[in-house]
2 protein chains.
Amino acid sequence: MIKQSKVTMKNLADELEISVSVVSRILSGKGAAYRISEETQKRVQETAAKRGFTVNQLARGLRLQRTHTIGLLMPDISNSIFSMIARSAEKAFRRNGYSTILCDTANDGEVEKQALGLLHDRSVDGILMAPVGGESQYIKAIFNHGFPIVLVDRFLDDLKIPYVTSNNYQGAYDGVLHLIDHGHRHIGFLQGIPDSKPSSERLRGYRQALQDHQIPFDARMVQGGKFEDHDGYISAQILLNYAERPTALFSCSSVAALGAMKACMEMNLRVPEDVSLIGFDEYPYASLLATPLTTIAQQTGALGEGASQMLLDWLDSGNPPESASVVLDTELHVRASVARVSNSEK
Amino acid sequence: MIKQSKVTMKNLADELEISVSVVSRILSGKGAAYRISEETQKRVQETAAKRGFTVNQLARGLRLQRTHTIGLLMPDISNSIFSMIARSAEKAFRRNGYSTILCDTANDGEVEKQALGLLHDRSVDGILMAPVGGESQYIKAIFNHGFPIVLVDRFLDDLKIPYVTSNNYQGAYDGVLHLIDHGHRHIGFLQGIPDSKPSSERLRGYRQALQDHQIPFDARMVQGGKFEDHDGYISAQILLNYAERPTALFSCSSVAALGAMKACMEMNLRVPEDVSLIGFDEYPYASLLATPLTTIAQQTGALGEGASQMLLDWLDSGNPPESASVVLDTELHVRASVARVSNSEK
DNA sequence: TTGTAGGCGTTATCAC
DNA sequence: GTGATAACGCCTACAA
């Protein structure tokens, strides 16, 4: 068999001795609309199939100014919460005919900025992202241009950019309350990226819970700055070396809580007898740990699905979502890492 | 400021009253080669910057027949081994000017097939993938067309498709040997997807280790069929309910091992006193488990980096890699989930 | 040193 | 019912 040249519409048209327009119309499902004869339709479809024709999405995108491509920006896809989000988003996109361009920003604002530019150059139709943190002029500019963008997990303050996230404030409040109910008054706080909403909102919940129980806030009790296990490990060491050692640690991520657990182990502190521990994010194997970890579970699946659906609706309808935000409840999963504070401690 | 129309090369050319070709040449760094006057170069670059021009990669790709896009197919990105691979591959690609189109095939051959077609339609320059399993005519066809494709973790038998993987046979052999050395002779095997190389090679290592120690192979001892935790959970229940209960379980993935651990817990079997357990893949928090899990660690980072580099080299040079395969060593991490078999058991 | 024109593969518009 | 033709934005042989 002779090596076929690439099969294009022009190609098929020549072979069938008809014009490209007809081929295009038939192959993009508009045969009926143009009342093209049954016969030609059949002929075209058959040879297209035989030759293994598929449309060139590049050319199509260029012509239509619509690529059916979505940019997905995640701060760290090795973190299970983001890999879950990525998984469900990519699936939803694909099912709706969109391809996903992935960028892992590694929690780096500079990378995020570049990635945003890159996605623009590739003419994506929309963007789903968990921003690195704080303020981003770029993101706002994109949104202000009317470009479809929705945020997931993390979001930004002052604009109406649609987002789906968890009720971080309430979740943290509940968790800290759980600790307070167990008699803890010295509670360390392992924060995530400080100017990210999840971290700042959780801190707000922490402070409110303290205040509601007449426990003074001590800035020294707030440590760390990433949602990573090693960060939790280091921060826990700092906190647990204080002369007045905290009796409990509240962590903004489950992986940081695991890091803290490791620190405790190395410092010969028992969890929960010596230190109680609680972590945001569910952790699938929490119950298999030496001390099963009490967690504040997010609805991970709903985060990814909700956000991607919001974006798809936007792309579909051409209009941004009515209600710009969805906030999902969290759930406290009580396991064994929180104990009543012993009497020997104040 | 008046709303600008989209800024294109033509656009800039009109504004500067020069031709598009000059603009194109300058903006694609060929100013010097064409000996374009310093002045025009400067003028063009400045207004391009001022207007925020960036090239339309769609048009560029269409013209150049090269998109600087790579397809990344992963069977399950929520599995940490694949999210690690995805992370390092995406990073390597981006650093080299390539964007990554992600497809999570969910271990489904049908999805894989569709995804492959989709990537073709999008004119990706190359593909990095961990195939779902067994035989795939599509993958072979792609490779036989000379299209740049490299496999990672999982690979295929009979063709010279380049791949990077771990020494699954040796790793499994080492692990089973470790069990045998501790007196185990009834060893259950929790397999992954049976016709995937990692699973079949690990099974081969298991069988060889048994044979080398005069332990008869019993097909009933092989259970399961996915690399997932629930699959390990179910399979462990089956194995541990045998009249002649295995004294040890070898799992083809660490998550399946965790599932098995959960099954043990629910059946009131202690690990390792009643059942020894070993899992392929490192698990970052293995040491924090109630019973720290003994594992066979893969060089996860090297897998992703090696494979993506191999593909990048191919794209760069235009030629497939000299040596079609890289096989990385594994390492046995002895923790506490394997015990000497007690005398009461045969 | 700069400009012109054709084409990458598709689709929409208008004409027949 | 079908066919030319232009255009999407870019690059490059060929001309000047």
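Side-chain N/O atoms of A:Arg35 include one lying less than 4.0 angstrom from OP1 or OP2 on D:dG1. Phosphate contact (OP1/OP2 of D:dG9, side-chain N/O of B:Lys6, threshold under 4.0 Å): present. Of the side-chain N and O atoms in A:Ser19, one or more sit less than 4.0 angstrom from OP1 or OP2 of D:dG3. When the side-chain nitrogen and oxygen atoms of B:Thr40 are compared with OP1 and OP2 of C:dT2, one or more of them lie within a distance under 4.0 Å. OP1 and OP2 of D:dG3 both lie 4.0 Å or more from every side-chain N or O belonging to A:Ser21. Phosphate proximity of D:dG9 to A:Gln65: present, with a side-chain N or O under 4.0 Å from OP1 or OP2. A close approach under 4.0 Å does occur between a side-chain nitrogen or oxygen of B:Lys30 and OP1 or OP2 of D:dT12.
With hydrogens and angles disregarded, a donor-acceptor distance shorter than 3.5 Å links the side chain of B:Asn96 to the backbone of B:Ala92. Judged by distance alone, with hydrogens and angles left aside, the side-chain atoms of A:Ser317 form a donor-acceptor pair with the main-chain N or O of A:Asn319 at under 3.5 Å.
Side-chain proximity of A:Leu62 to the nucleotides D:dC10, C:dT10, C:dG9 is greatest for C:dG9. Closest to the side chain of B:Thr8, out of D:dT12, C:dG3, D:dC10, is D:dC10. Across C:dG9, D:dT12, D:dG9, the shortest atom-to-atom separation from the side chain of B:Arg25 is found for D:dT12. Nearest to the side chain of A:Arg63, among D:dC10, C:dT11, C:dT2, sits C:dT11.
At whole-Å resolution of the value, CD in B:Gln57 and C1' in C:dC8 are 15 Å apart. A:Arg60 places its CZ atom 14 Å from the C1' atom of D:dC8, with the value rounded to the nearest Å. In this entry the distance linking CG of A:Leu64 with C1' of C:dT11 reads 7 Å, nearest Å. Rounded to an integer number of Å, the gap from A:Arg122 CZ to D:dC10 P is 14 Å. Following rounding to the nearest Å, A:Tyr34 (OH) and C:dA15 (P) show an atom-to-atom distance of 14 Å. Put simply, CD1 on B:Ile26 is 15 Å from C1' on D:dT12, counting in whole angstrom units. Distance A:Leu12 CG to D:dG3 C1': 17 Å, rounded to the nearest Å. Taking atom CZ of residue A:Arg66 and atom C1' of nucleotide C:dA12, one finds them 17 Å apart after rounding to whole Å.
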* To do: Assess whether side chain to side chain donor-acceptor pair (under 3.5 Å) is satisfied between B:Glu15 and B:Asn11, documenting all intermediate values.
  => CA-CA 6 Å; B:Glu15 179 178 343; B:Asn11 224 309; over 6 Å; no
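Ring geometry for A:Trp314 against A:Phe143 counts as perpendicular: the plane angle is over 60°, on a 0 to 90° scale with 30° as the lower cut.
Among the protein residues, B:Val20 comes within range of no part of the nucleic acid, since none of its heavy atoms lies under 4.0 Å from any strand. As judged by a 4.0 angstrom heavy-atom cut-off over every strand, B:Leu58 is placed among residues making no nucleic acid contact. If you check every strand for non-hydrogen atoms under 4.0 Å, A:Ser37 touches sugar and phosphate atoms only.
When B:Leu73, B:Ile142, B:Leu128 are each tested for a side chain to side chain contact (heavy atoms under 4.5 Å, CB included) with B:Ile149, only one passes: B:Ile142.
The existence of a salt bridge linking B:Arg94 and B:Glu90 is confirmed by a sub-4.0 Å separation between a basic side-chain nitrogen and an acidic carboxylate oxygen.
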